[in-house]
Structure formats: structure tokens, C-alpha cells
Amino acid sequence: MRVLITGGAGFIGSHLAEALHNRGDMVYVIDDLSTGRLKNIEHLMSSPRFNIAVETIMNEVVMDRLVSECDIIYHLAAAVGVELIVNRPVETIETNILGTEMVLKLAARYLKKVIITSTSEIYGKSINTPFGEDDDRVLGPTTKHRWSYSSSKAIDEFLGLAYHKERNLEVVIVRLFNTVGPRQTGQYGMVVPRFVTQALKNAPLTVYGNGKQVRCFTYVSDVVDALQSLAQQPEAVGQIFNVGNDRPISILELAEKVKKMTNSDSEIKFVPYDEAYEAGFEDMSIRIPNLNKIRSLIGYEPKVQLEEILKNVIEYFNADNRP
Ligand code: UDP
């Protein structure tokens, strides 16, 4: 099979590229290296079944050629990281909306199946957990830039579903819940690589707010497995699926766990949200996925739990990958 991965040099994209390459696929990647890195895929570069275009997905000429040549598109290219989203809102909105528009327009031209990766940010600050795919969304005002991410991804979902309804395009939408693992950088705000690198340097672990906010962390291989299985399941077409791990932990507990597992002398430092992001920043207090839908369709079960996830991330940063 010939697969196109947009954002294939990024954290999740590079793991997907590796898995699809290893199962024998011809892998095409397009990535503008805005947050992706060649280092993530350098071990694939010499393979005749791997090709990379260092280009933006907004380049229609390049995208037209790639989409026409592939059998399926995994669309992962997007603005990522709460910090980046708050600091560069124009880029976030344009990349997410215009990029997905390009992918869907070309997929419809050549009738290619598209797997769109969306996000648990879609649910916003709802506290009605666990979040089911058809649940209402609860968002703050447009003056708070964080919500532009949720809204831009919601437009991507609307557009994907619209192409499916009106043009019969095969579209599957996947909402990812805090994916973590090796190759993820803390540069754009993600908490696990942040805490691990801080702990390894014996620097303070920066817990934002009171640390009582709750997340569920999903290992990247569980996400990659789910993406592949959903892509192969005809019944998934036209539908939305949560993909995550449903075991919750508070951010303060996470900091304590990281500190313990790294034998670190770091102090735990509470940083007010206004200081960490911007004045008036709103966080989600709790985010847990309801996985019933994906469990019953493909028998999905997250295999890697937090202890092992942290062990692997610590090993990764200890192996000469410190920022
Ligand atoms: N967070 C934190 N310290 C950091 C980075 C993040 O306490 O250095 C918090 C953040 O405010 C959020 C949680 O950790 O409540 C997860 O943040 P991340 O950016 O990884 O993902 P999010 O769930 O916000 O999309």
C-alpha cells in the first residue's frame, strides 16, 4: 500500500511512518519541519520505500502529486502545543483550517481515503467525563486564544464529515487524548517531556495552577495501532472515534511520579496559569475519554500504562536526546 502521512516528521507522524514502513508500505511524508524534525525519521531516509517532501501542505502542486500517487492519507499536519497555540494564533488557525481544506479537496479530486487526526480539545472545558464522541462541546470566548485550537479542529471535523456526506469521500476522524512517548518535545508546552527534562536537570518541575487538573496519557504506539486498525475497518468511515487511555492522573501526581522515577532533587514549583500562558488563560480541569465506541468496533485496548510510558520517555531523554 502507498500511504501519505502529512506531518510525518512530527512526533506521532514519525512513529506512524515507521510502523507503516515496517509492515511493508511505501511511505510518503510531507512535513514543513515547523515542529517536526528530520532526526525523527532519519533512520527511514535510506529506505527505497520512504520518501519525504520538506514542504508545506498548502503547496497545492506538491500535494496534488502526492495525493494522486497514494492509496490513503493520514492527515496529522497541524499546529500543536498549547503554548504555541497561545503565542501564534494566526499560524494555528491557518495551518489547521487551510491545511485540512487542501487535504480534503485533493482527496475528493482523486477519491482517496482520509484519516483526519483531531483532538480531545474538541470537548473544551466540559466536566461531563468521560467524554463521548457525541457529547456537547463547552468552549470559552474567542478572546481567549486557546479556544481557537478547539474551534479550528472542529471546522476540520465538520469539513471532513461534509465531504463524506456530500461527495461520498471516505473519511475517518480520530480524536487523540494527550499522546506521549519518545520524540515528543517539551518545547511547545507538553507536560510529560517538560517534567522529565526538568527532573533530569534537577530543575524545578513547573506545575501550572494547583496541579489538580486531570489528564489521561496515551502511549504513542497505542495511537499508531488504533490509526492503522481504523483505517482498515470499512465501518469506521464517516465516523468519529476517541483514541486514548482512560486511566486518569492529576498533574501534581504526575510531577511526583516523574520526580520519584528519575530520583530527582527537583522541587515542585506551582506556576499560576497567567504566568505560564497568558492573562485569563482557561485550562480544562478534567479530560477522560469514553472508549466504548472504539472498543466495540475494533476491540481497541490501550496496552501501555503510565509507569512504562514514563520509563520509556526517561530512557529517551537519557540517551543523548536532552534539549
Ligand atoms: N502543564 C503543567 N506544567 C507544564 C506544562 C503543562 O502543569 O510545564 C499542565 C497544563 O497546564 C495542563 C496539563 O499539564 O493542565 C497538560 O498539558 P499539555 O500541554 O501537555 O496538554 P493539554 O492537556 O493542555 O493539551
Side-chain angles (χ1 to χ4, degrees), residues 10-12 35 78-88 92 96 117-127 129-131 137-140 144-153 175-181 183-201 203-220 223 242-259 262 264 266-289 306 309-310 313 317 323:
F11 157 53
I12 304 174
T35 55
V80 287
V82 180
E83 221 168 89
L84 182 139
I85 283 146
V86 169
N87 294 334
R88 294 173 7 210
T92 299
N96 291 355
T117 49
S118 184
T119 167
S120 54
E121 285 264 333
I122 286 283
Y123 299 102
K125 55 185 174 180
S126 167
I127 50 167
T129 55
F131 299 144
R137 307 171 53 222
V138 184
L139 302 183
K144 297 189 192 298
H145 292 303
R146 187 213 181 114
W147 303 118
S148 70
Y149 183 62
S150 178
S151 298
S152 64
K153 291 300 248 183
R175 291 183 183 154
L176 306 181
F177 281 69
N178 291 80
T179 310
V180 292
R183 296 186 202 147
Q184 185 178 43
T185 151
Q187 213 179 328
Y188 310 106
M190 280 76 160
V191 70
V192 167
R194 273 280 171 92
F195 283 177
V196 170
T197 50
Q198 289 167 340
L200 292 176
K201 285 189 285 196
L205 266 60
T206 52
V207 170
Y208 298 164
N210 61 13
K212 288 190 181 150
Q213 65 273 37
V214 165
R215 296 290 186 275
C216 300
F217 295 95
T218 319
Y219 197 54
V220 64
V223 170
N242 287 337
V243 170
N245 187 309
D246 49 6
R247 291 198 199 167
I249 184 168
S250 77
I251 296 302
L252 178 57
E253 281 172 301
L254 176 74
E256 282 158 355
K257 212 180 231 314
V258 169
K259 193 171 136 99
T262 50
S264 174
S266 293
E267 58 159 325
I268 290 182
K269 183 178 164 203
F270 291 92
V271 181
Y273 283 118
D274 288 9
E275 228 173 86
Y277 300 107
E278 62 177 355
F281 178 85
E282 293 180 322
D283 200 5
M284 284 86 174
S285 58
I286 185 160
R287 185 191 274 166
I288 304 171
L306 194 58
I309 294 176
L310 292 178
V313 172
F317 282 116

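For ligands, and for the atoms within them, numbers begin at 1 and follow the listed sequence. In what follows, residues are counted from 1 in the order of the sequence shown. Reckoned from all heavy atoms, side chains included, excluding hydrogens, waters and symmetry mates.
- Interface atoms of ligand 1 facing M190, defined by a heavy-atom separation under 4.0 Å, are 19 (O), 20 (O).
- S152 and N96 share a donor-acceptor pair across their side chains, judged by distance under 3.5 Å alone.
- Within the 4.5 Å cutoff, side-chain heavy atoms of V214 are placed close to those of P248.
- Y208 and Y277 have their aromatic ring centers within a separation under 6.0 angstrom.
- Within the 4.0 Å heavy-atom criterion, neither part of V192 lies near ligand 1.
- Each of the following atoms of ligand 1 lies closer than 4.0 Å to a heavy atom of V82: 19 (O), 24 (O), 25 (O).
- Looking at Y277 against ligand 1, only its side chain comes within 4.0 Å, counting heavy atoms.
- With a 4.0 Å cut-off on non-hydrogen atoms, V191 touches ligand 1 through its backbone as well as its side chain.
- Only the side chain of D283 comes within 4.0 Å of ligand 1, counting heavy atoms alone; its backbone N, CA, C and O stay farther away.
- Ranking protein heavy atoms by distance to atom 8 (O) of ligand 1, first place goes to T206 OG1, 3.0 Å.
- For the atom pair CD1 of I268 and CD1 of I251, the computed distance is 11.5 Å after rounding to the nearest 0.5 Å.
- Residue contacts with ligand 1 for E83 are absent, since no atom lies close enough (heavy atoms, distance under 4.0 Å).
- In terms of protein heavy atoms, atom 7 (O) of ligand 1 is closest to Y208 N, 2.8 Å.
- Atom CD of Q187 sits about 10.5 Å away from atom OG1 of T197, to the nearest 0.5 Å.
- In the vicinity of G189, heavy-atom distances shorter than 4.0 Å reach the ligand 1 atoms 5 (C), 6 (C), 19 (O).
- The contact set between ligand 1 and V207, taken as ligand atoms under 4.0 Å from a residue heavy atom, comprises 7 (O).
- Every atom of ligand 1 is numbered from 1 in the order shown, and the set under 4.0 Å from a heavy atom of Q213 is 9 (C), 11 (O), 15 (O).
- Atom numbering of ligand 1 starts at 1 in the shown order; those under 4.0 Å from a heavy atom of Y273 are 11 (O).
- With no hydrogens or angles considered, a side-chain donor-acceptor pair links R137 and S150 at under 3.5 Å.
- A donor and an acceptor atom, one from each side chain of R175 and S120, are nowhere located under 3.5 Å apart.
- Atoms of ligand 1 found under 4.0 Å from any heavy atom of N178, numbered from 1 in the order shown, are 21 (O), 22 (P), 23 (O).
- Closest to atom 23 (O) of ligand 1 among all protein heavy atoms lies R215 NE, 2.5 Å.
- A donor-acceptor contact closer than 3.5 angstrom links the side chains of W147 and E282.
- Atom 24 (O) of ligand 1 has its nearest heavy-atom neighbour, among R287, M284, R146, in R146.
- A distance-only check finds a donor-acceptor pair linking the side chain of K153 to the backbone of T117 [under 3.5 Å].
- Protein heavy atom in closest approach to atom 13 (C) of ligand 1: I251 CD1, 3.6 Å.
- Side chain of K144 to main chain of G280: a donor-acceptor pair is present (N/O by atom type, distance under 3.5 Å, no hydrogens or angles).
- Side-chain N/O atoms of Q213 and S250 include no donor and acceptor closer than 3.5 Å.
- In summary, the atoms of ligand 1 found under 4.0 Å from a heavy atom of E121, numbered by their order in the structure, are 25 (O).
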